[in-house]
Structure formats: C-alpha cells, structure tokens
Trainee: 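Let me begin by handing over the structure; questions about it come next.
Sequence positions, counted from 1, serve as the residue numbers for this chain.
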Amino acid sequence: MVYIAAVVAVVITALVVGDDTRGPGGDPFGAEQAIRYITFLTIGYMLARGLAKAGSWTRRDDR
C-alpha cells in the first residue's frame with residue numbers, strides 16, 4: 001500500500017508541479033523525472049520483497 005501511495009504521489013507531483021512553462025527553465029519536474037523516480041521506487045520495492053522472502057523459510061515436516 002505504501003508503494004502504491006508513493007507512486008501516486010510522484011504522478012500527482014509530476015502533473016501539478018511546473019504547469020507554468022513560460023519561464024526559461026521549462027517544467028522542473030516532468031514526466032522523465034517522474035518515470036525515473038517510479039523506477040527507483042520499483043527497484044527498492046523489489047529488493048525489499050526479495051530480502052524479506054530470503055529471510056523467511058518454511059519447515060518441512062515430511063512424515
């Protein structure tokens with residue numbers, strides 16, 4: 001749930017920030033940066049899930 005909330009926050013920020021493109025800098029937080037941050041969030045989430053799964057083990061009771 002936190003991952004989804006973070007991705008939604010990045011998308012909303014990319015949509016809201018920098019709507020005024022009349023200035024010389026253009027959009028300070030555009031789609032390119034949003035995709036980059038979503039990629040970083042996804043990599044972090046996958047690493048965290050992998051570490052959590054690597055730390056868990058199941059007992060086998062073959063009787």
Side-chain angles (χ1 to χ4, degrees):
M1 297 304 272
V2 173
Y3 169 74
I4 293 171
V7 170
V8 169
V10 169
V11 170
I12 290 172
T13 303
L15 291 173
V16 172
V17 172
D19 284 341
D20 186 17
T21 57
R22 291 178 293 181
D27 194 0
F29 187 74
E32 183 179 335
Q33 280 187 317
I35 291 172
R36 183 178 304 129
Y37 287 132
I38 290 171
T39 302
F40 292 157
L41 285 169
T42 303
I43 291 170
Y45 177 75
M46 290 178 6
L47 286 173
R49 290 293 298 160
L51 289 174
K53 295 247 181 208
S56 65
W57 56 278
T58 59
R59 291 181 53 184
R60 294 186 119 183
D61 290 331
D62 295 331
R63 292 183 187 196

Trainee: Can you tell me which residue pairs pass the salt bridge (Lys or Arg N to Asp or Glu O under 4.0 Å) test with a partner in residues 28-45, sequence neighbours excluded?
Mentor: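 Those involving residues 28-45 are Glu32-Arg36.
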Trainee: Are Ile35 and Leu15 linked, directly or through other ILVMFWY residues, by side chains that come within less than 4.5 angstrom of each other?
Mentor: no
Trainee: Output all residues satisfying side chain to side chain contact (heavy atoms under 4.5 Å, CB included) with Val8, sequence neighbours left out; order by chain, then residue number.
Mentor: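 Per chain and number, Val8 pairs via side chain to side chain contact (heavy atoms under 4.5 Å, CB included) with Ile4, Ile12.
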Trainee: What salt bridge (Lys or Arg N to Asp or Glu O under 4.0 Å) pairs are there with at least one residue in residues 3-13, not counting sequence neighbours?
Mentor: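 Sorted pair list comes back empty.
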Trainee: For Tyr45, check side chain to side chain donor-acceptor pair (under 3.5 Å) against everything at least two apart and list the hits.
Mentor: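 Once residues adjacent in sequence are excluded, Tyr45 has no partner under the side chain to side chain donor-acceptor pair (under 3.5 Å) criterion.
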Trainee: Treating Ile, Leu, Val, Met, Phe, Trp and Tyr as nodes and any side-chain heavy-atom pair under 4.5 angstrom as an edge, say whether Val10 and Met46 lie in one connected cluster.
Mentor: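 Different clusters.
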Trainee: Taking only residues two or more places apart in sequence, or in another chain, which ones meet Arg49 in a salt bridge (Lys or Arg N to Asp or Glu O under 4.0 Å)?
Mentor: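 Applying salt bridge (Lys or Arg N to Asp or Glu O under 4.0 Å) to Arg49 gives none.
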Trainee: Check whether any side-chain heavy atom of Tyr37 lies under 4.5 Å from a side-chain heavy atom of Val7, and answer yes or no.
Mentor: no
Trainee: Apart from Ile43 itself, which Ile, Leu, Val, Met, Phe, Trp or Tyr residues share its cluster (side-chain heavy atoms under 4.5 Å, direct or through members)?
Mentor: Leu47
